Amino acid sequence: MSPASRYRPFPPVDLADRRWPGRVISHAPAWLSTDLRDGNQALFEPMGPERKMRMFRMLCEIGFKEIEVGFPSASGTEFDFVRTLIEGGHIPGDVTIGVLTQAREPLIRRTIESLVGARRAIVHVYTATSPVFRERVFGMQPAEVTAMAVSSVRLIRELCDAHPETEWVLEYSPETFSATELEFARDISDAVAEAWGATPERKLILNLPATVEMATPNVYADQVEWMDRHLARRDSVIISVHPHNDRGTAVAAAELAMMAGAERVEGCLFGNGERTGNVDLVTLALNLRTQGIDPGLEFRDIDAVARTYEACTQLPIHPRHPYVGDLVFTAFSGSHQDAIRKGMAAQATEEHWNVPYLPIDPADLGRTYDSLVRVNSQSGKGGVAYLLEMSRGVVMPRRMQVEFSTAVQRLAETTGSEVSAEQIWQLFSAEYLEPAAAACYVGHQLVDRGAQQGIRLTVSVDGRQQVLDGVGNGPIDAAIAALGVPVEVRSYEERALNQGADSRALAIVEMAIRGVTGSTFGAGIDANIVTASIRALMAGLNRMLARMDAAERQRALLALERPARTAERVA
């Protein structure tokens with residue numbers, strides 16, 4: 001048997017009069033983030049309580065109104081996190097949390113226990129329905145699977161009725177729907193809807209997951225439309241989809257499923273999840289925006305979202321990832337560079353966006369145009385990162401490489417010749433180590449503040465020295481508090497430039513100021529790593545000040561010129 005012949009094509013759906021190909025998406029779906037459940041269990045190292053809370057808060061800020069926060073019957077950590085959200089009052093009034101449970105009585109009871117006291121909660125129960133699971137994994141007949149699902153729903157209903165202070169919503173998934181016979185998927189869904197007592201006022205969320213992508217996205221759309229047209233209580237059901245990305249087509253499958261009748265989409269930021277991941281909700285939402293549809297999710301500072309995601313999941317975002325990758329708004333090709341320059345020059349503020357190679361305005365995502373055009377090694381002006389590392393031991397983060405290459409390009413175009421390693425180092429120093437300074441670092445003294453770190457920071461503003469006190473979780477946090485400027489550190493790196501007794505440390509800080517578009521970098525070098533870090537912070541601050549308009553810059557400098565006082569950072 002040849003390798004290809006071992007696999008059978010997935011059978012098409014008998015839907016000759018399919019309607020979805022003639023429809024267009026006119027509005028955003030209801031969104032559910034599964035980052036804290038499905039995405040979390042797919043990590044090398046699952047998030048602890050602090051990272052989960054940080055992710056939860058970010059998801060709320062983005063605008064998710066439904067968030068699946070865990071699998072409380074799976075572990076004490078998961079259970080405790082759900083209780084912390086409820087008892088600590090961390091759930092905004094317009095946000096509903098959801099939790100997942102298997103169709104087993106002890107797990108269901110534990111799940112309901114975790115949600116007691118919530119204003120509104122989604123209980124998500126599932127049973128595997130496809131033949132391969134029924135026959136090979138569980139050894140069950142369709143009637144047995146249906147009986148298990150119905151008895152579980154009845155138990156959930158009984159337990160929910162005992163806590164009328166909470167608004168309860170049931171979600172049911174015929175897991176492995178994409179590989180299940182449609183007639184059976186319909187029958188078990190109808191049975192669950194009846195057991196729950198679904199009505200137009202008390203709707204059941206029926207989630208139809210592509211647990212494994214089995215075929216092309218149009219087949220999944222056919223399956224969703226078939227269900228949409230054959231459910232007994234369609235007016236009492238919200239059709240939800242949960243596409244996975246095994247074939248690399250989860251976004252397309254979700255879009256076609258919405259055309260086929262899906263009203264709700266589940267997934268994760270940047271496509272995180274088991275195996276190849278869940279549908280990427282960022283890409284899906286921004287695809288809608290490029291078609292003039294408000295997605296209802298806010299990504300005006302997509303770099304901040306990306307950095308928080310990477311910190312919480314410990315997973316990198318590919319530099320070519322749609323919309324958010326470090327290089328997606330960067331052109332290497334000369335013809336691309338020329339087209340983008342001309343398109344940007346011709347783009348009027350009040351007209352529809354229409355720039356070659358750019359389906360979305362980077363400014364809408366909080367990104368700047370600085371990195372749109374850069375040179376690479378093929379142009380004879382590249383190898384910047386390599387030359388800096390080889391000659392000075394400086395290793396720049398990728399986003400800093402993109403930013404710095406613009407300055408190198410300007411220098412190369414000015415000189416009209418190849419840029420040497422020494423010229424690159426001098427330019428790096430002028431850009432990041434010693435930028436034009438409105439506020440100069442003079443010195444600092446660390447102060448004992450018990451559990452926190454105190455600092456007395458001396459700076460010079462327009463030639464006048466100021467002594468500023470601050471308290472924070474560490475030296476950088478304390479220095480930010482002392483400065484009194486709304487600085488946010490996006491990333492921080494440090495490394496030794498050489499070895500031995502006279503070794504020096506390099507610190508690189510990526511930072512932003514609230515209310516100012518984009519982020520920038522600062523670098524510092526010193527024998528003491530704390531001093532290097534503060535120098536990097538001050539360098540970055542001065543580079544951000546240079547980008548502000550006069551009024552913004554004046555307000556920031558006034559904050560530095562206040563009388564000495566002790567400030568605390570508020571997390």
Side-chain angles (χ1 to χ4, degrees), residues 33 35 39 51 54-55 57-64 268-272 280-287 289-290 295 297-331 340 353 358-374 385 396-407 431-432 476 480 485-493 507-523 536-537 539-541 543-548 552 571:
S33 161
D35 290 88
R51 282 192 285 158
R54 183 179 177 186
M55 176 69 81
R57 286 173 173 159
M58 181 180 71
L59 293 170
C60 293
E61 290 170 0
I62 290 171
F64 285 99
C268 291
L269 300 179
F270 309 116
N272 184 28
D280 176 358
L281 296 186
V282 178
T283 298
L284 189 58
L286 292 177
N287 281 358
R289 176 165 290 179
T290 66
L297 300 178
E298 188 51 68
F299 296 108
R300 279 181 293 186
D301 191 353
I302 202 167
D303 285 343
V305 173
R307 302 293 83 80
T308 299
Y309 165 86
E310 289 179 326
C312 290
T313 65
Q314 303 295 295
L315 294 175
I317 296 174
H318 195 282
R320 297 294 183 188
H321 196 102
Y323 301 109
V324 72
D326 294 335
L327 298 180
V328 296
F329 296 126
T330 300
I340 291 172
W353 180 254
L358 298 179
I360 197 169
D361 185 349
D364 288 348
L365 307 179
R367 302 186 68 170
T368 64
Y369 304 124
D370 298 342
S371 62
L372 281 172
V373 175
R374 59 169 286 193
M396 294 184 291
R398 181 186 288 111
R399 294 182 295 283
M400 191 179 192
Q401 294 176 29
V402 173
E403 183 181 281
F404 184 46
S405 66
T406 304
E431 283 282 331
Y432 298 105
I476 294 179
I480 292 173
V485 180
V487 168
E488 176 187 358
V489 173
R490 296 277 175 82
S491 64
Y492 170 81
E493 295 185 17
I508 295 176
V509 174
E510 182 184 11
M511 56 182 286
I513 293 180
R514 288 193 294 276
V516 180
T517 299
S519 61
T520 194
F521 291 85
L537 182 68
L541 175 61
R543 297 186 79 234
M544 290 297 293
L545 289 172
R547 290 169 47 181
M548 295 178 178
E552 291 174 328

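In this text the structure is predicted, and so the values were computed from the model without any measurement.
A donor-acceptor pair is defined here as one N or O able to donate and one able to accept, closer than 3.5 Å; such a pair exists between the side chain of Glu310 and the backbone of Ile317. A side-chain donor-acceptor contact under 3.5 Å links Gln401 to the backbone of Met396.
With contacts defined as side-chain heavy-atom distances shorter than 4.5 Å, the pair Met511/Ile480 does not qualify. You'll find the side chain of Met58 reaches within 4.5 Å of the side chain of Val305, heavy atoms only. Tyr309 has its side chain out of reach of Val324: every pair of non-hydrogen atoms, C-beta onward, lies at least 4.5 Å apart. Residues Phe329 and Leu365 form a side-chain contact, since some pair of their non-hydrogen atoms from C-beta on lies under 4.5 Å apart. Under the 4.5 Å side-chain criterion, counting only non-hydrogen atoms from C-beta, Met544 is not in contact with Val485. Looking only at side-chain heavy atoms (C-beta outward), Pro397 and Ile508 come within less than 4.5 Å of each other. Looking only at side-chain heavy atoms (C-beta outward), Met55 and Thr308 stay at 4.5 Å or farther from each other. In this structure the side chain of Phe270 never reaches within 4.5 angstrom of the side chain of Leu315, judged on heavy atoms.
Here the CG atom belonging to Asp303 is positioned 11.0 Å from the OG1 atom belonging to Thr517, to the nearest 0.5 angstrom. Between the CZ atom in Arg547 and the CD atom in Glu552 there is a gap of 10.5 Å [rounded to 0.5 Å]. Note: Arg367 CZ to Asp326 CG = 6.5 Å, rounded to the nearest 0.5 Å. The distance from the CG atom of Leu545 to the CG atom of Leu541 is 4.5 Å, given to the nearest 0.5 Å. Going from atom CD1 of Ile302 over to atom CZ of Arg307 covers 10.0 Å, rounded to the nearest 0.5 Å. Expressed to the nearest 0.5 Å, how far OH of Tyr323 lies from CG of Asn287 amounts to 4.0 Å.
Scanning all heavy atoms of the two residues, the minimum distance from Ala311 to Arg54 falls at CB-NH1, 3.5 Å. Across all non-hydrogen atoms, the minimal contact from Ile513 to Met548 is CD1-CE, 3.2 Å. The shortest non-hydrogen separation linking Ser33 to Asp35 is OG-OD1, 2.6 Å. For the residue pair Ser491 and Arg399, the shortest heavy atom distance occurs at OG-NH2, 3.7 Å. The minimum heavy-atom distance between Pro359 and Thr290, with the atom names listed, is O-CG2, 3.7 Å. Nearest heavy atom pair, residue Ala285 against residue Pro295, reads O-CB, 3.4 Å.
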* To do: Output, in order, the C-alpha distance, side-chain angles, deciding distance and verdict of side-chain contact (heavy atoms from CB on, under 4.5 Å) for Leu269 and Thr313.
  => CA-CA 11 Å; Leu269 300 179; Thr313 65; over 6 Å; no

* Step-by-step salt bridge (Lys or Arg N to Asp or Glu O under 4.0 Å) determination, Arg543 to Glu403 -> CA-CA 12 Å; Arg543 297 186 79 234; Glu403 183 181 281; 2.8 Å; yes

